[in-house]
Every structure is written in C-alpha cells, then in structure tokens.
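Each remark here refers to the structure printed beneath this line.
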Amino acid sequence: MIDTPYITETAAQTIAFIHLQIPREEIRHVMGPGITEIFSALKAQGIAHAGPWFTHHLKMSPEQFDFDICVPVSTPVTAVGRVQPGELKARKNVARTVYHGPYEGLSEAWGKFMHWIEANGHRPAPDLWEVYANSPESSPDPANWRTELHRPLLD
C-alpha cells in the first residue's frame, strides 16, 4: 500500500495555487473545477506546468479542510480570478512515502504513514501535502495511481 517512508529535504517550488476553506465532504466537488481553473490560467498566460499538481493542506479538522490546490511552474503566474502566484517553501526535515492505489485508500495510507512517523520518534508539523504523481489523467486504472505523501517534521 505505501512504500517504506524516509526523511528527506525538499527544495522551494514556484507554484500557481487556489486557496480553499471547505467542509470535508465538499472535497470531491471542488478539486476538478479548481485544477481546471489553474490549468486554464496557465494556458492563457502561456505558462507550462513544471511537475504534477498537488494539494498543500495547511490545517485539517474533522469538519474542515484549509488547503491550496497547487501546480508547480517555472515562471510565476499573474494573479487572475482565484489563481494566485506563490511558493511552497523548502523544508529540511520531511517524512515522505508513496501510496499506490485509488484515492479511497488515502485515509488508511495516511494512518499507516503517521504511525511510522510517531513510532520513529518524530513530531509532525501542522501542514502536509499530497503530490498526484500518477492520477486518473495518466491512467484509468486506479492500481496505477501514485500519490506522494509529504509531512514536514518539527524535529
């Protein structure tokens, strides 16, 4: 289900993003339109994406998601509508793993990942991000989907 987790460093990434604060149950209704809006803004400005899209969760509660839908870019986007320019900052200590499978299994994958983090004596930062490396756009078979799970650490 998940690859063996490890600790790594991440480089800063220039991004185009849309910030959302929504009830958890709305996530499936906002992702598609949000990513379409970002890619449309990039296309209109002649900017290519520089990697797979991802979500950066700033805060999560049982009822609410506070997150950004993000697309890495090599050239900063000009703000238009909800699409804003930004940066995912570099981090020195980030736990990382890769989940293989459909999005319905992400909750269980995060549970196993968080267990590994805590069992290895680390304290997670409040934010996290998921990179959709192989998604429904790249393969119709969920068995081929790959989601990178990243959790910054406080130690």
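Not measured: the values here are computed from a predicted model.
Hydrophobic clustering of Ile, Leu, Val, Met, Phe, Trp and Tyr side chains at less than 4.5 Å, counting indirect connections, keeps Leu58 apart from Trp110. Both Ile69 and Leu128 belong to a common hydrophobic cluster when Ile, Leu, Val, Met, Phe, Trp and Tyr are linked at side-chain heavy-atom distances under 4.5 angstrom. Leu20 and Phe54 fall into different hydrophobic clusters, where Ile, Leu, Val, Met, Phe, Trp and Tyr side chains are chained together by heavy-atom contacts under 4.5 Å. In terms of hydrophobic clustering, with Ile, Leu, Val, Met, Phe, Trp and Tyr side chains grouped at heavy-atom distances under 4.5 Å, Val94 and Phe67 are assigned to different clusters. Clustering ILVMFWY residues whenever any of their side-chain heavy atoms sit less than 4.5 angstrom apart, transitively, puts Ile35 in the very cluster that holds Met31.
When side chains are defined from C-beta on, Val73 does not count as touching Gln13, because their heavy atoms never get closer than 4.5 Å. Between Ile38 and Ile18 the shortest side-chain heavy-atom distance falls below 4.5 Å. At least one side-chain heavy atom of Leu88 sits less than 4.5 Å from a side-chain heavy atom of His56.
The distance between the ring centers of Phe65 and His57 falls below 6.0 angstrom.
Residues forming a salt bridge (Lys or Arg N to Asp or Glu O under 4.0 Å) with Lys89 (at least two apart in sequence, or on another chain): Glu87. A search for salt bridge (Lys or Arg N to Asp or Glu O under 4.0 Å) contacts involving Glu130 returns nothing, not counting sequence neighbours.
Within the structure, no pair that satisfies the salt bridge (charged side-chain N to carboxylate O under 4.0 Å, His left out) test touches residues 42-68, not counting sequence neighbours. The ring-ring contact (aromatic ring centres under 6.0 Å, His included) pairs that include a residue from residues 23-48 are Phe39-His49, where partners are two or more places apart or lie in different chains. A salt bridge (charged side-chain N to carboxylate O under 4.0 Å, His left out) check over residues 103-114, counting only residues at least two apart or in different chains, returns the pairs Glu108-Lys112.
For the atom pair OG of Ser135 and CZ of Arg146, the computed distance is 12.0 Å after rounding to the nearest 0.5 Å. Atom NE2 of His122 sits about 11.0 Å away from atom CE of Met114, to the nearest 0.5 Å. The line from OG1 of Thr78 to CD1 of Ile47 is 6.0 Å long, rounded to the nearest 0.5 Å. The line from CZ of Phe113 to CG of Leu106 is 12.0 Å long, rounded to the nearest 0.5 Å.
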**Prompt:** Yes or no on ring-ring contact (aromatic ring centres under 6.0 Å, His included) for Tyr132 and Tyr103, after CA distance, side-chain angles and deciding distance?
**Reply:** CA-CA 10 Å; Tyr132 307 101; Tyr103 296 146; 5.7 Å; yes

**Asked** Would Val131 and Trp53 count as a side chain to side chain contact (heavy atoms under 4.5 Å, CB included) if you check the C-alpha gap in whole Å, the side-chain angles of each, and the deciding distance to 0.1 Å?
**Response** CA-CA 6 Å; Val131 178; Trp53 68 280; over 6 Å; no

**Message:** What verdict does the side chain to side chain contact (heavy atoms under 4.5 Å, CB included) test give for Ile15 and Val71, after you've listed the backbone C-alpha separation in whole Å, the side-chain angles of each residue and the deciding distance to 0.1 Å?
**Reply:** CA-CA 5 Å; Ile15 59 171; Val71 175; over 6 Å; no

**Request:** Please test Gln84 against Val77 for side chain to side chain contact (heavy atoms under 4.5 Å, CB included), starting from the C-alpha separation and ending with a verdict.
**Result:** CA-CA 7 Å; Gln84 300 294 314; Val77 65; over 6 Å; no

**Request:** Take Gln21 and Gln64 through the side chain to side chain contact (heavy atoms under 4.5 Å, CB included) test and state the conclusion after the steps.
**Result:** CA-CA 7 Å; Gln21 291 180 311; Gln64 186 103 9; 3.7 Å; yes

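Judged purely by atom type and a 3.5 angstrom limit, Thr97 uses its side chain to pair as donor or acceptor with the backbone of Asp3. Under the 3.5 Å distance criterion, the side-chain polar atoms of Arg24 are matched with a main-chain donor or acceptor of Ser61.
Remark: Arg82 engages Glu37 in a salt bridge, criterion side-chain N to carboxylate O under 4.0 Å.
Taking both residues in full, the closest heavy atoms of Ser74 and Ala50 are given as N-CB, 3.9 Å, listed atom of the first, atom of the second, then distance. Closest heavy-atom contact between Ser139 and Trp145: O-NE1, 2.7 Å. The heavy-atom pair separating Phe17 from Pro85 by the smallest distance is CE2-O, 3.2 Å.
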Below 3.5 Å, can you tabulate the donor-acceptor pairs from side chains in residues 147-154 to any protein atom, sequence neighbours excluded?
| unit_1 | atom_1 | unit_2 | atom_2 | d |
| --- | --- | --- | --- | --- |
| Glu148 | OE1 | Arg96 | NH2 | 3.3 |
| Glu148 | OE2 | Arg96 | NH2 | 3.1 |
| His150 | ND1 | Trp129 | NE1 | 3.2 |
| His150 | NE2 | Arg96 | NE | 3.3 |
| Arg151 | NE | Ala125 | O | 3.0 |
| Arg151 | NE | Asp127 | O | 3.1 |
| Arg151 | NH2 | Ala125 | O | 2.8 |

